[in-house]
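In the text below, chain A, chain B and the rest are named by the order of the sequence lines, each starting its count at 1.
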Amino acid sequence: MALKLYNTLTRKVEPFAPRDPGKVTMYTCGPTVYARAHIGNFRTFLVSDLLRRYLAYSGYDVNWVMNLTDIDDKTIKGANAEGISLREFTDRFIKSFHDDRKTIGILDANLYPRATEHIPEMVKMVEDLIEAKHAYVTDGSAYFKIDSFPTYGQLARLNMEELRVGERVASDEYEKEDVRDFALWKNWEEVDGPVGWETSLGKGRPGWHLECSAMSLKYLGKGFDIHLGGVDLIFPHHQNEIAQTEGVTHEPLARYWVHSEHLLVDGQKMSKSLGNFYTVTDLIEKGWKPREIRYGLLSGHYRQRTNFQASGLDSIKQALARFEACAVNLEHSAGQGGMSELKDTIAQREQEFRDAFDDDLNYPEALAAIFNFVRDANTLCQDKKIGKPEQELAMETMRRFDSVLGYLDLQQETADPESAEIESLIEARNEARKSKNWSEADRARDALTERGIIIEDRAGKTVWRRK
RNA sequence: GGCGCCGUAGCCAAGUGGUAAGGCGGAGGUCUGCAAAACCUCUAUUCAGCGGUUCGAACCCGCUCGGCGCCUCCA
């Protein structure tokens with residue numbers, strides 16, 4: 001079986017075939033950098049990361065571009081409120097975005113283009129759209145004329161004739177020929193303050209949707225492979241991108257449209273007023289470890305609303321501890337001669353793993369395959385069938401699975417500052433055990449337990465970890 | 001008004017026509033000086049409810065109940 005993806009454009013799960021054999025081009029709508037991104041944003045970025053990792057695992061050469069929206073109403077407002085430049089204001093949140101995404105193991109994209117660094121490309125696109133009669137200018141602003149694009153509304157399955165015009169459409173943009181038309185270029189206004197670009201279109205700034213059209217076309221070309229984003233972007237954002245790009249290229253913007261469902265927090269839509277609004281940093285401060293955040297945000301299929309529960313931390317810790325324990329078990333296994341059995345289980349579980357991801361990124365089922373592998377490997381350890389060569393093969397398999405999941409990567413390998421002290425307490429306990437002084441040995445263990453240290457007596461060695 | 005989604009064990013969550021994955025939790029057992037970890041067994045005769053189609057339905061169809069999304073701020 002090969003990869004199949006649900007394509008929002010066709011509303012079907014389709015076999016995936018890239019534009020250029022062996023190479024995949026993907027574009028993800030990134031954050032608007034006016035505040036620290038929240039975990040809902042990261043859930044979407046995590047889905048892109050998962051897809052990108054799986055494509056790489058499957059042998060594709062992946063080119064992933066993720067934009068940074070550094071010009072819009074909110075960034076202008078924020079910068080002007082602080083009296084600093086747009087650049088200075090947005091740099092701050094671009095940094096926090098990268099800090100947080102690295103924390104939860106989202107690998108580097110190939111490029112993070114900024115909207116403000118592509119003004120000429122956007123202006124050129126508007127000019128081309130005007131030339132093609134898809135756009136018009138009124139009072140210094142340019143608008144896309146949706147009547148000129150017959151399939152407008154298709155991506156979201158909206159019938160433009162039946163829209164309840166007027167109920168949700170802002171009424172202040174009366175200069176548009178049709179209220180449904182959307183802005184390509186916005187004329188400079190007083191509130192914009194120092195923000196604005198002098199261009200052939202006049203002084204102003206780009207509309208929100210334009211950057212993605214201009215930048216995806218520039219860096220990934222016509223008809224690139226996969227465009228990703230959250231479901232809320234289907235309309236109007238992605239529909240408008242399609243109209244803009246295709247109005248110029250007359251070719252499909254992207255071959256597959258992949259949208260991730262929203263994250264719920266404690267069963268409800270995340271909002272500051274409900275007190276369930278979190279950033280990655282908030283969770284770290286509440287004691288979550290990076291990989292626990294990653295696990296929690298990724299649980300559940302990407303097209304299903306996933307409920308992130310603050311109370312689920314213990315369950316997540318336990319699940320991840322299973323992976324870790326398996327690696328430790330393999331490391332300390334002193335057996336031999338289970339190579340054929342190990343190879344059998346690897347073949348079976350890895351097939352299950354691939355089948356799961358191939359089926360529209362069925363992450364929960366892939367996880368099940370890995371947990372089954374963990375159980376099989378633990379059983380082989382127990383049966384003393386894991387020797388040096390088996391250990392190496394099993395660990396290599398774990399690392400291969402983890403190249404997609406990204407949990408082991410996030411283990412903090414840094415030396416524990418108290419390790420010398422802990423080791424000496426363990427040493428003292430083992431001395432007591434040797435002389436069968438059990439009460440003294442238990443006292444030593446209790447002292448460690450009180451400090452949050454869990455110890456495990458393995459064959460010939462005592463290993464420890466923090467709770 | 002239009003388009004669409006969800007309801008599976010105590011909790012989380014796959015499965016979408018062939019007889020309920022996986023994780024957490026819980027019970028019992030093996031191992032261990034005792035633990036921890038691991039392993040084994042058990043933990044949904046049943047998939048919101050009611051009808052229908054079918055040899056066969058959690059999966060298809062209809063209705064009902066309950067939660068929710070989108071329809072120019074939004075990951």
When you measure from the centre of the six-membered ring of Phe308(A), is the NZ or CZ of Arg43(A) under 6.0 Å away and within 45° of the axis?
no

How would RNA chain B look in dot-bracket form, 5' to 3', counting Watson-Crick and G-U wobble pairs with both distances under 3.5 Å and writing | for bases paired to another strand?
((((((((.[[[..)..(...]]]((((((.......))))))....[[[[[..)....]]]]])))))))....

Between the main-chain N or O of Trp257(A) and the side-chain N or O of Asn7(A), is there a donor-acceptor pair closer than 3.5 Å?
yes

Roughly, in whole Å, what's the span from CD in Glu261(A) to C1' in G67(B)?
14 Å

Main-chain N/O of Thr8(A) paired with Arg11(A) side-chain donor or acceptor, under 3.5 Å
yes

Polar pairs (N or O, both sides) under 3.5 Å between protein and nucleotides 15-23 of chain B?
from: G15(B); atom 1: OP1; to: Asn362(A); atom 2: ND2; distance (Å): 3.0

One pair to check against salt bridge (Lys or Arg N to Asp or Glu O under 4.0 Å): Asp49(A) and Arg53(A). What are the steps and the verdict?
CA-CA 6 Å; Asp49(A) 181 63; Arg53(A) 284 169 176 262; 2.9 Å; yes

In whole angstroms, how far is the P atom of A38(B) from the CG atom of Asp376(A)?
15 Å

Aromatic contact between Tyr143(A) and Phe182(A), with the criterion being ring centroids under 6.0 Å apart: yes or no?
no

Centroid-to-centroid, His238(A) to His259(A), below 6.0 Å?
yes

Would you check if the distance from the ring center of Phe357(A) to the ring center of Phe353(A) is below 6.0 Å?
yes

Would you kindly compare Ala325(A) and Gln309(A) by the position of their nearest RNA chain B nucleotide and give the one closer to the 5′ end?
Gln309(A)

Check the interface with nucleotides 28-36 of chain B: list each N/O to N/O pair with the protein under 3.5 Å, or write none.
from: G33(B); atom 1: O6; to: Arg429(A); atom 2: NH2; distance (Å): 3.4
from: G33(B); atom 1: N1; to: Asp442(A); atom 2: OD1; distance (Å): 3.0
from: G33(B); atom 1: N2; to: Asp442(A); atom 2: OD1; distance (Å): 3.2
from: G33(B); atom 1: N2; to: Asp442(A); atom 2: OD2; distance (Å): 2.8
from: C34(B); atom 1: O2; to: Arg445(A); atom 2: NH1; distance (Å): 3.2
from: C34(B); atom 1: O2; to: Arg445(A); atom 2: NH2; distance (Å): 2.4
from: C34(B); atom 1: N3; to: Arg445(A); atom 2: NH1; distance (Å): 2.8
from: C34(B); atom 1: N4; to: Asp457(A); atom 2: OD2; distance (Å): 3.2
from: A35(B); atom 1: N1; to: Asp457(A); atom 2: N; distance (Å): 3.1
from: A35(B); atom 1: N1; to: Asp457(A); atom 2: OD2; distance (Å): 3.4
from: A35(B); atom 1: N3; to: Arg445(A); atom 2: NH1; distance (Å): 3.3

Ring centres of Phe277(A) and His38(A) under 6.0 Å apart?
yes

Run the ring-centre check on Tyr34(A) versus Phe89(A) and record whether the distance is less than 6.0 Å.
no

Backbone N/O of Asp282(A) and side chain of Thr279(A): donor-acceptor pair under 3.5 Å
yes

